[in-house]
Amino acid sequence: MAAADDADVPAPPAARAMSAPAADAPAHRYDAALAERIELAWQDRWEAAGTFETPNPTGLLSDGFERVADRPKAYVLDMFPYPSGSGLHVGHPLGYIGTDVYARYLRMTGHNVLHTMGYDAFGLPAEQYAVQTGQHPRVTTEANVANMRRQLRRLGVAHDLRRSVSTTDVAFYRWTQWIFLQIYGAWYDVEADRARPIAELVAELESGRRAPAEGTNPSGRPWADLDELERRRVVDAHRLAYLHEAPVNWCPGLGTVLANEEVTADGRSERGGFPVFRRPLEQWMMRITAYADRLLRDLDRLDWPEAIKVMQRNWIGRSEGALVTFPADGPGGPAAIDVFTTRPDTLFGATYLVLAPEHPLVDALVAERWPDGTDKRWTAGAATPKEAVEAYRLASARKSDLDRQVEERDKTGVFVGSHATNPVNGASVPIFVADYVLTGYGTGAIMAVPAEDQRDWDFATLFGLPIVRTVQPPEGWDGEAFTGDGPAVNSANADVSLDGLDVAQAKRRIIAWLEAQGSGRGTVTYKLRDWLFSRQRYWGEPFPIVYDEHDLPIALPESELPVLLPEVDDYSPRTFPEDDATSEPEPPLGRNPEWAEVTLDLGDGPKVYRRELNTMPQWAGSCWYELRYLDPTNEDALVDPAVERYWMGPRSAEDCGGVDLYVGGVEHAVLHLLYARFWHKVLHDLGHVSSSEPFRRLFNQGYILAAAYTDDRGVYVEASEVVERDGRFFAGEVEVRREFGKMGKSLKNSVNPDDLYESYGADTLRLYEMFTGPLDQSRPWDTRAVVGVYRLLQRIWRNVVDEHTGACHVTDDPPDPETLRLLHHTIAEVRIGMETLRFNTAIARITELNNHVTQHFAPGAPRAVAEPLVLMLAPLAPHAAEELWSRMGHDDSLAWHPFPVADPAWLAVDTVEVPVQVDAKVRARITVASDADAAAVEAAARCDERIAALLAGREVARVVVVPGRLVNFVLH
RNA sequence: GCCCGGGUGGCGGAAUGGCAGACGCGGAUGACUCAAAAUCAUCUGCCCGCAAGGGCGUGCGGGUUCGAGUCCCGCCCCGGGCACCA
């Protein structure tokens with residue numbers, strides 16, 4: 001799940017931040033050196049005491065559960081990071097700090113909190129980094145994971161480290177392979193609307209209760225008449241993981257094929273930006289389309305940002321319409337062309353058909369010669385339809401998606417030489433091949449209605465095809481295709497008339513008619529395609545699949561798991577010039593011939609089998625890691641069902657269950673989040689998990705942006721080396737241009753957290769990142785501004801600890817009522833800030849309280865204020881808070897101490913200051929009893945000198961009094 | 001083109017339809033200091049005014065309301081997603 005900027009060169013050392021400790025500073029001032037001592041000491045204590053180890057209700061990790069058994073549970077999760085070779089920059093931990101603050105707050109408010117962090121360590125970038133450094137990917141990956149663990153520990157995040165996993169751990173990927181076997185061993189029962197074990201399908205086929213599903217039995221003969229191999233093929237065609245020969249996204253520059261989701265809109269690889277070409281290849285596919293409707297429907301049950309839901313809805317792309325069959329006369333005899341349309345109401349205006357170049361019926365429809373009088377524009381100058389179609393197909397296959405984009409969508413195509421019949425009016429319509437019709441969507445064939453579809457209009461105009469309006473455009477319409485609503489026209493035959501109906505009515509009537517005629521039916525289509533699951537890569541999970549002498553796949557039994565990733569001489573992928581569309585994928589696992597063939601006894605005695613040489617995509621591990629965190633040491637199951645039910649189970653009949661809070665970036669809106677939902681639903685259907693969704697609540701954190709600088713070639717220069725002079729920016733003597741962008745290697749504007757620890761400490765870094773804005777917002781990094789929260793910590797410190805002696809100097813003086821009112825208001829507001837993930841406002845309220853304490857009680861604060869203040873600080877700056885707590889005489893960690901509760905008695909106030917307005921402009925403020933009624937407040941307002949002067953001699957038209965809020969005198 | 005977000009001081013950002021700019025950075029002035037840093041104190045939206053005070057202010061234009069940053073309509077700009085999906 002790595003973000004795109006993670007391809008890997010070690011970062012240059014970032015600039016040293018400033019702030020050297022003053023030579024004559026008091027010995028016990030809170031400075032960076034003291035912060036470091038405190039932080040390292042508390043990190044050791046937490047670890048030694050197992051402070052953040054979270055017990056399960058049962059199983060290996062259940063020690064101590066009785067202590068938390070009556071607490072509500074909370075599962076807080078960060079998106080699985082990829083352990084980058086260059087380590088963290090200060091942008092990465094924004095979300096990790098946020099979840100840590102929230103999780104610590106939940107623990108202090110009485111929850112049993114599960115929070116840990118693992119590593120998505122397989123995949124392309126790890127492999128590329130290893131290739132660059134000449135080391136085995138396992139070596140570099142493990143070193144990167146160790147470095148990231150060190151950096152996170154230094155940040156003070158309260159993770160349960162016993163639960164930390166890496167996708168590359170054999171003990172982890174064994175279960176990834178096991179889940180693959182479950183998916184391979186399942187099929188989708190459309191009537192039951194869920195996946196079921198494949199054995200149940202076989203039993204139903206055997207018993208005759210069920211016939212093979214449409215498209216799974218090419219011979220068409222009944223199951224009973226099929227031989228063993230034919231039966232295996234039929235069963236395999238039902239599986240949720242299946243082999244399929246189809247055009248795939250081949251990326252020569254990366255040397256692998258990619259999923260649709262990994263290809264950008266302009267036809268390039270999301271990672272690396274290399275061109276992607278369509279190329280037919282047999283690959284493993286995941287039948288995610290079987291879940292399209294449930295993935296769409298269940299979005300309504302999720303507490304996710306609306307933007308993400310919209311992106312998933314768009315990606316799934318449900319559209320309702322109709323399948324219509326057009327009979328055709330091919331040279332080889334009659335054929336039937338099924339088209340999908342969302343506008344069956346426009347059928348009377350269909351004046352030609354278009355098939356995608358790869359459509360399987362094209363060959364059967366190509367005529368021997370051009371019909372007499374064929375328009376020259378339709379032939380592309382070819383002597384015969386066959387020549388024209390072949391040339392066109394070749395040309396479009398050679399185009400990458402990028403090329404198709406560049407050509408500004410000028411319509412191209414050729415006539416195949418034959419005609420079809422429009423079922424509603426018997427009209428003979430010409431059949432074209434054109435690449436504006438896509439193979440993978442609908443049926444790969446359309447009926448073209450130029451009057452109501454702009455694409456068809458463009459094509460019809462270019463090729464001189466007839467245009468018949470079937471929806472009356474409004475008065476004064478001067479556009480081309482009309483896609484709006486209006487009364488149907490020109491839409492009647494002897495049997496049925498749509499004329500005068502609106503679009504929705506016309507659709508219903510024509511679908512009914514088509515169904516009665518047997519010419520079509522209403523149907524639903526999705527944009528979502530099945531997920532291409534094979535990669536020609538070394539650094540991924542091997543498939544638990546072998547092939548027999550018939551080249552048919554066989555699942556390895558569970559007892560053969562894990563299938564270990566073999567050693568090979570050269571694990572680097574075979575890549576090609578990035579535009580070499582004709583290159584052939586070559587999986588690196590094939591370089592170990594001893595591994596590639598294996599002798600096994602799978603029930604028929606020892607036989608030689610050929611192993612699957614592709615590996616799984618990086619997404620595989622992140623599809624289920626949240627389940628493994630629950631029960632990471634379980635060797636008998638991916639997760640104990642009782643443990644899953646406790647942490648992720650539904651809370652009510654309507655609840656989908658899942659993680660209580662999932663925090664990560666928007667970039668995973670369709671990739672990871674869709675794949676993970678799909679796997680989770682399969683596991684749910686097969687009875688392995690009780691939750692039907694993995695992530696009940698999703699929150700997108702913003703990014704840390706930072707200034708980046710380009711020279712006059714537009715090349716980024718190292719931001720830490722740029723200096724500002726008179727509002728202009730220079731790298732050495734060269735003037736550079738400033739811009740702002742997401743912090744990362746590509747913009748050369750990374751800031752290393754290690755430098756911040758050295759200059760200020762981890763607590764200051766944590767506070768700074770939380771203070772600059774609400775968690776879901778991106779914000780620019782400004783090293784100069786870090787000092788603000790550093791001062792806050794120093795001031796709090798000084799209110800508790802004597803800077804010169806190090807002694808605690810809190811007093812036992814009772815605070816005055818004003819202070820207590822402020823304290824309890826602060827508690828109430830800090831709680832709101834914590835619960836809404838707006839930690840910036842919580843920090844602001846803490847700052848105000850501390851400023852008040854400084855002004856009224858310096859040098860030492862009353863204990864009755866200092867203690868709740870420190871407890872409120874604890875989730876945000878846990879080390880400093882622990883240290884202060886301990887210096888105030890407490891032996892135990894405050895991590896489990898109850899969070900302060902606001903006393904309602906102190907939230908109520910005796911008097912309030914309300915503004916008095918004249919004509920909605922504030923002219924005075926008066927202080928009144930907080931329970932004063934409207935008449936009393938108005939009377940008090942009229943008594944105010946300034947107000948009295950302003951009202952003197954004027955007629956008051958109206959008086960608005962909102963008790964406790966304001967008074968407004970409205971004059972004429 | 002379509003679909004989402006978002007426009008508030010020099011900057012990051014606060015504001016259940018009810019005192020716009022909390023809190024912080026930056027800036028100014030002062031205290032301490034030989035001096036500087038650190039620390040502390042005061043001020044700091046813009047304009048007019050010596051002041052008291054007044055005027056203007058939440059992208060632009062309208063509307064609803066006693067009252068709009070907040071609600072409604074129409075624009076402009078910025079960021080993101082999708083893009084020949086029939």
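So you know, we letter chains A, B, ... as the sequences are listed, proteins then strands, and number each from 1.
- A:D802 places no side-chain N or O within 3.5 Å of a backbone atom of A:H809 that could act as its donor or acceptor partner.
- In the set B:rG24, B:rG26, B:rA86, the nucleotide with an atom closest to the side chain of A:R784 is B:rG26.
- If you check B:rU39 for Watson-Crick or wobble pairing at under 3.5 angstrom, you find it paired to B:rA31.
- Remark: side-chain polar atoms of A:N700 are not paired, donor with acceptor, to backbone N or O of A:D776 under 3.5 angstrom.
- Counting to the nearest Å, the C1' atom of B:rG80 and the CD atom of A:E306 are 16 Å from each other.
- The side chain of A:R845 has B:rA22 as its nearest neighbour among B:rA83, B:rA86, B:rA22.
- Among the nucleotides B:rA86, B:rG24, B:rG67, the one closest to the side chain of A:T342 is B:rA86.
- In this entry the distance linking CG of A:L767 with P of B:rG12 reads 21 Å, nearest Å.
- Classification of B:rG49 as anti follows from a glycosidic angle more than 90° from 0.
- B:rG1: Watson-Crick or G-U partner is B:rC82, with both key distances under 3.5 Å.
- Atom P of nucleotide B:rC3 and atom CZ of A:R318 are separated by 20 Å, given to the nearest angstrom.
- In the set B:rG18, B:rC23, B:rC40, B:rC23 carries the atom at the smallest distance from any side-chain atom of A:F771.
- When Watson-Crick and G-U wobble pairs are counted only if both distances are under 3.5 Å, B:rG49 pairs with no nucleotide at all.
- Under 3.5 Å, the side chains of A:Y436 and A:T412 contain no donor-acceptor pair of N or O atoms.
- Of the candidate nucleotides B:rA15, B:rU39, B:rC23, B:rC23 has the atom nearest to the side chain of A:T847.
- A:E945 places its CD atom 13 Å from the C1' atom of B:rA52, with the value rounded to the nearest Å.
- Taking atom CZ of A:R313 as the reference point, atom P of B:rA83 lies 18 Å away to the nearest angstrom.
- When the nucleotides B:rA14, B:rC84, B:rC23 are ranked by their closest atom to the side chain of A:E848, B:rC23 comes out on top.
- When both pairing distances are held under 3.5 Å, B:rC66 makes a Watson-Crick or G-U pair with B:rG18.
- Phosphate contact (OP1/OP2 of B:rC66, side-chain N/O of A:R958, threshold under 4.0 Å): present.
- Between A:K527 atom NZ and B:rG81 atom C1' there is a gap of 10 Å when expressed in whole angstrom units.
- For A:R343 against B:rA86, no side-chain N or O and base N or O form a donor-acceptor pair under 3.5 Å.
- The distance from atom CG of A:L705 to atom P of B:rG80 is 11 Å, rounded to the nearest whole Å.
- Pairing partner, B:rC23: B:rG12, with both Watson-Crick or wobble hydrogen-bond distances short of 3.5 Å.
- Here B:rG81 presents its C1' atom at 15 Å from NE2 of A:H668, a figure rounded to the nearest Å.
- Side chain of A:K507 to main chain of A:A322: no donor-acceptor pair is present (N/O by atom type, distance under 3.5 Å, no hydrogens or angles).
- The side chain of A:R29 has B:rU39 as its nearest neighbour among B:rU16, B:rU39, B:rG13.
- Between the side chain of A:K309 and the backbone N or O of A:L299 there is at least one donor-acceptor pair closer than 3.5 Å.
- For A:R791, a side-chain nitrogen or oxygen approaches OP1 or OP2 of B:rC25 to under 4.0 Å.
- Taking the six-membered ring where the residue is Trp, A:Y30 and A:Y790 present tilted rings, their angle falling between 30° and 60°.
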